[in-house]
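One structure below.
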2 protein chains.
Amino acid sequence: MIERAHLRILREIERRGSLTAAAGALNLTQSALSHTMKKLEQGSGATLWTREGRLLRLTQAGEYLLREANRLLPQLERIDELLRQYAEGEKGTLNIGMECHPCYQWLLRVVEPFLAQWPGVEVDVKQRFQFGGMAALFNHEIDVLVTPDPIVREGIRFEPVFPYEQMLIVGDESPLRGLDHIEPQQLSDQVLYTYPVDTERLDIYQQFLLPAHCAPGKHKVLEATEIILQMVAANRGVATLPQWLVEEYARTLPIHSVRLGREGIHKQIHLGVRSQDAENLHVRTFIELAGSSSMP
Amino acid sequence: MIERAHLRILREIERRGSLTAAAGALNLTQSALSHTMKKLEQGSGATLWTREGRLLRLTQAGEYLLREANRLLPQLERIDELLRQYAEGEKGTLNIGMECHPCYQWLLRVVEPFLAQWPGVEVDVKQRFQFGGMAALFNHEIDVLVTPDPIVREGIRFEPVFPYEQMLIVGDESPLRGLDHIEPQQLSDQVLYTYPVDTERLDIYQQFLLPAHCAPGKHKVLEATEIILQMVAANRGVATLPQWLVEEYARTLPIHSVRLGREGIHKQIHLGVRSQDAENLHVRTFIELAGSSSMP
DNA sequence: TGAAGCTATGAAAATTATTCATGAGGTGTG
DNA sequence: CACACCTCATGAATAATTTTCATAGCTTCA
């Protein structure tokens, strides 16, 4: 019934004082305005104004509608503007999912310039997914997945960001300390600490132990990276960590890294996005910033 | 840019889950909705939803717009409804102007059933007018003028409501007390109290004293009816009052009424309204209630 | 009293919205 | 896995609405 046009006409009549002037401001003819408002009057039954000589006097209904116009039109105009901002990527939320537990510090270094570049955009980081990061990406729970294990799937596009080597870390008193590399068998009498994830997602199993049909002496899981490191530092067992993180923690903790196998386990962090979002401005910016971030 | 139709479509899509179902609910075809929304997307640049299999998934911009739709549509619908109420006379404000100082109590007896009959309508009473009641009526400051002195003018219609006789009131010890009537000369040595209005609007001057080229001994003005009455009761002077009010006050104050001249001064209270409002439902009701109110 | 300004209105023209017809997927079932 | 059945997008045709044009009626002002 009542349309944006009616509100605009009424507001402009108040501002300019006459139908003719309002018509000019709206790039329409006086006749168009007259017809439009007449139709509203017929539809609602209410008279909006009466003519007195050459001036229009708003009725009570007209005054009421004018108040509503002055209240609602700015809101509609704000919607137009925000829609444009969404279109330009100036507004929105980038939901980032993390499947790489130790990558958090690296992520913060990417998010910082991203936020600076897109002041209107929010960033949220999620680290727990009921059905895994890929499912979360499909669900639209997240828009970007940070993972060392890309899964090729229709509709998802992965971009490599930086390579790293996964290392074994041992304490000061470990017999493995100082070796050039270790073989799978050498873990048979060790306690292995990992994050509490499926062994299918643990490279030390998939790429090192299982191919050699080996297993660690014992496998214990812990949530927090810091606690795992404390355990290793206390010579209570061994763990794996990206090389770049070892360097960081080795400055403050008595831990040492050893290559896993003669060739080592070489990994790469990937960013996964839905193909349909790949051209999205936020997403592109984020991937570019991630790619150019100083390698950790 | 954004129109009510867009908001309606989006809300209906959310409610029904599909474009087709939404189209049914809006009595349109699926094609119409698709075209309409596509046009909005092209105009704003923002994508509102993406197809995933057979379901539509709102983008962030779409979610935003949906929130706005759920917020704004009820407001627009309320406007439609209120406009209809204005049309039906179920809503509005009746501004009543009083040029008859002592009529206030009578007015209250008319307003009461009026408010009961029109629960959505407000009543406001004004008693002071910078340029007089007629001007206020022309200005739309008031919608109804209660006055004993109708002025015939184009665009204003008057309806007589009830007749009354204007009486002189005197105190217990007044020499005029108990007379059948008085002549103008008999006021020459009296103090006359009136409301502070132009003598042109005082009947005792216009219809009694001036035709006989007389004047009161002294003329003092007071705002409040009660104070005037106190003065008369204290035998400090005389005043005029409608007969029906004398009866009321005489119960509690030592005052008495005397006819002004052999024939008395006979007046009639009128209601004035703008001709254009004469058919207005509120106004008609008010006039009818006033006419049928038990004579004071 | 005449010129100029403003609005309302009917008819014509222009624009916009809607439908129709169809195609391109996706879903589910036997 | 083929087939029926959905759903949505799209171009062209059609319907409806909006806008303009032309004009008349009033009012104001000099």
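Keep in mind that this is a model prediction, so the values were computed, not measured. Chain naming here is simple, since letters A, B, ... match the order of the sequence lines and numbering starts at 1 in each.
Salt bridge status for B:E14 with B:R11: absent, with no side-chain N to carboxylate O gap under 4.0 Å. A salt bridge does not link A:R67 to A:E63: none of the charged nitrogens lies less than 4.0 Å from a carboxylate oxygen. For the pair B:D277 and B:R157, the salt-bridge criterion is not met [side-chain N within less than 4.0 Å of a carboxylate O]. Between B:R84 and B:E81 a salt bridge is recorded (basic side-chain N to carboxylate O distance below 4.0 Å).
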Please evaluate residues A:R4 and B:R4 with respect to the criterion side-chain contact (heavy atoms from CB on, under 4.5 Å), reporting the C-alpha separation (whole Å), side-chain torsions for both, the decisive distance (0.1 Å), and the verdict.
CA-CA 7 Å; A:R4 184 173 181 172; B:R4 184 173 180 173; over 6 Å; no
Would B:V121 and B:K91 count as a side-chain contact (heavy atoms from CB on, under 4.5 Å) if you check the C-alpha gap in whole Å, the side-chain angles of each, and the deciding distance to 0.1 Å?
CA-CA 5 Å; B:V121 177; B:K91 186 153 172 48; 5.8 Å; no
Checking A:E52 against B:H140 for the side-chain hydrogen bond (donor to acceptor under 3.5 Å, both in side chains) test, could you report, in this order, the C-alpha distance in whole Å, the side-chain angles of both residues, the deciding distance, and whether it holds?
CA-CA 11 Å; A:E52 283 184 15; B:H140 289 247; 2.7 Å; yes
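With a cutoff of under 4.0 Å to any heavy atom of chain B, the contacted region of DNA chain C is bounded 5' to 3' by C:dA17 to C:dT27.
With a 6.0 Å radius and a threshold of 12 heavy atoms from other residues, nucleotides or ligands, B:R57 has its CZ atom above the threshold. Around atom CZ of A:R153, no more than 12 heavy atoms belonging to other residues, nucleotides or ligands sit under 6.0 Å away. Shown here is B:R8, whose CZ atom has no more than 12 heavy atoms of other residues, nucleotides or ligands within 6.0 Å.
Mapped onto DNA chain D by nearest heavy atom, A:T29 and B:S18 fall at different nucleotides, with B:S18 at the one closer to the 5' end. Between B:T20 and A:R51, the residue anchored nearer the 5' end of DNA chain D, judged by the nucleotide with its closest heavy atom, is B:T20.
Note that the two end axes of the helix from C:dT1-D:dA30 to C:dG30-D:dC1 enclose an angle of 30°, each drawn from 5 base pairs, rounded to 10 degrees.
Between the P atom of D:dC8 and the CG atom of B:L56 lies a distance of 5 Å, rounded to the nearest Å. The interatomic distance linking B:L48 (CG) with D:dC8 (C1') rounds to 15 Å, in whole Å. For the pair A:N27 CG and D:dT19 C1', the interatomic distance rounds to 13 Å; values are reported in whole Å. Computed from coordinates, the A:Q30 CD to D:dT23 P distance equals 15 Å when rounded to whole Å.
Taking every side-chain heavy atom of B:W49 into account, D:dA9 is the closest of D:dC26, D:dA9, D:dT19.
Within residues 32-47 of chain B, the residues approaching DNA chain D are B:S34, B:H35, B:K38, by heavy-atom distance under 4.0 Å.
With values rounded to the nearest 0.5 angstrom, B:I142 atom CD1 is found 5.0 Å from B:L137 atom CG.
Here A:S31 lies in heavy-atom contact (under 4.0 Å) with a base.
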